[in-house]
Amino acid sequence: MPTIFSKIIAKEIPSEIVFQDDRVTAFKDINPIAPVHILIVPNKEIPTVDDVTEADEAILGHMFVVAKNVARQLGIAEKGYRLIVNCKSDGGQEVFHLHMHLVGGKRLGAMLVRHE
Ligand code: 5GP
């Protein structure tokens, strides 16, 4: 099921793309939670982490290489950053086209609030 991300990948709607190749597209999040907030998205439509298969291993690994390269490109590699992948409703996923958030440019603090 195509989402808004398929249109961004196809450049049918505007976005600030920072990297693209035949497997992955990385673009600025429209509603950033930190000074640097990039979404790294496989060009192939995979809805959620729950849908990945062994056939996707290469593309998922490539997303990490792209994350590392984009972090260096944007000057946040030395101080560090956080990679986040949300899955389905309890994970807080809003767009059902698998994506990795690359977040940095400030100290991010605790990852999650403590479970009561
Ligand atoms: P999720 O909650 O699914 O892990 O993250 C979805 C992310 O996509 C959110 O951070 C949201 O700001 C971003 N987003 C949603 N629609 C658009 C859009 O049209 N363009 C861009 N650049 N980001 C979007």
Side-chain angles (χ1 to χ4, degrees):
M1 184 77 171
T3 70
I4 192 94
F5 289 175
S6 294
K7 291 192 164 72
I8 288 173
I9 291 162
K11 298 181 178 166
E12 291 168 5
I13 62 167
S15 72
E16 291 190 67
I17 292 175
V18 296
F19 175 83
Q20 186 169 47
D21 66 10
D22 59 335
R23 289 180 284 173
V24 164
T25 301
F27 53 92
K28 293 186 182 177
D29 195 293
I30 203 167
N31 190 17
I33 59 169
V36 174
H37 187 170
I38 303 297
L39 300 173
I40 298 163
V41 182
N43 295 342
K44 173 187 173 186
E45 284 169 20
I46 305 170
T48 79
V49 172
D50 193 44
D51 299 297
V52 302
T53 70
E54 287 181 13
D56 299 319
E57 284 179 359
I59 201 163
L60 296 170
H62 186 55
M63 287 168 67
F64 275 87
V65 175
V66 170
K68 174 204 147 177
N69 290 340
V70 169
R72 287 189 174 275
Q73 178 185 325
L74 299 181
I76 62 167
E78 197 170 319
K79 284 196 165 179
Y81 46 87
R82 185 170 293 158
L83 302 174
I84 304 165
V85 182
N86 297 322
C87 179
K88 296 185 177 174
S89 54
D90 271 9
Q93 185 175 5
E94 293 172 358
V95 179
F96 280 66
H97 184 143
L98 190 152
H99 51 281
M100 176 187 279
H101 298 253
L102 165 63
V103 183
K106 70 169 189 177
R107 283 191 80 87
L108 295 167
M111 190 166 66
L112 292 170
V113 294
R114 187 165 297 281
H115 174 63
E116 297 300 336

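Starting from 1, each residue takes its place in the sequence as its number. As a basis for the values below, the full set of heavy atoms in this structure was taken, side chains included, without hydrogen atoms, waters or symmetry mates. Counting convention: from 1, in listed order, for ligands and their atoms alike.
- Judged by distance alone, with hydrogens and angles left aside, the side-chain atoms of H99 form a donor-acceptor pair with the main-chain N or O of H97 at under 3.5 Å.
- Within the 4.0 Å heavy-atom criterion, neither part of F96 lies near ligand 1.
- Under 4.0 Å from ligand 1, the heavy atoms of H99 that appear belong solely to its side chain.
- If you check which protein heavy atom lies closest to atom 22 (N) of ligand 1, you get K28 O, 2.9 Å.
- Shortest non-hydrogen contact noted between I8 and S15 is CG2-OG, 3.2 Å.
- Annotation: E12, atom CD; neighbour count of heavy atoms from other residues, nucleotides and ligands within 6.0 Å is above 12.
- Close contacts of ligand 1 with I4, meaning ligand atoms under 4.0 Å from a residue heavy atom, involve 19 (O).
- Contacts between N86 and ligand 1 below 4.0 angstrom, taking non-hydrogen atoms only, involve the side chain exclusively.
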Please lay out, stage by stage, how I17 and K11 fare under the test side-chain contact (heavy atoms from CB on, under 4.5 Å). CA-CA 9 Å; I17 292 175; K11 298 181 178 166; 3.8 Å; yes

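- By the criterion of side-chain heavy atoms lying less than 4.5 angstrom apart, applied directly or through intervening Ile, Leu, Val, Met, Phe, Trp or Tyr residues, V41 is grouped together with I13 in one hydrophobic cluster.
- Linking Ile, Leu, Val, Met, Phe, Trp and Tyr whenever their side-chain heavy atoms come within less than 4.5 Å puts V66 and I76 in one cluster.
- Distance from atom 17 (C) of ligand 1 to its nearest protein heavy atom, with residue and atom name: I30 CG2, 3.8 Å.
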Kindly indicate, with the supporting measurements, whether the criterion side-chain contact (heavy atoms from CB on, under 4.5 Å) is fulfilled by I84 and M111. CA-CA 10 Å; I84 304 165; M111 190 166 66; over 6 Å; no

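- Against a heavy-atom cut-off of under 4.0 Å, N31 is close to the following atoms of ligand 1: 12 (O).
- Between S15 and ligand 1, a contact under 3.5 Å exists for no N or O pair.
- When heavy-atom distances to ligand 1 are checked against a 4.0 Å cut-off, I33 has no atom that comes that close, whether in backbone or side chain.
- Neither the backbone nor the side chain of I84 has a heavy atom within less than 4.0 Å of ligand 1.
- In this structure, E16 falls outside the shell of residues with a heavy atom less than 4.0 angstrom from ligand 1.
- Of the protein's non-hydrogen atoms, V95 CG2, 4.1 Å is the one closest to atom 15 (C) of ligand 1.
- A donor-acceptor contact shorter than 3.5 Å is absent between the side chain of D29 and the backbone of L39.
- The nearest heavy-atom contact from the protein to atom 2 (O) of ligand 1 is G92 O, 3.0 Å.
- Between the side chain of Q93 and the backbone N or O of P47 there is at least one donor-acceptor pair closer than 3.5 Å.
- Scanning the protein for heavy atoms near atom 7 (C) of ligand 1, the closest one is D29 OD2, 3.5 Å.
- From the protein, the heavy atom lying nearest to atom 20 (N) of ligand 1 is I8 CD1, 3.6 Å.
- Given atom 3 (O) of ligand 1, the protein heavy atom at minimum distance is E94 N, 2.6 Å.
- A donor-acceptor pair is defined here as one N or O able to donate and one able to accept, closer than 3.5 Å; such a pair exists between the side chain of Q73 and the backbone of V18.
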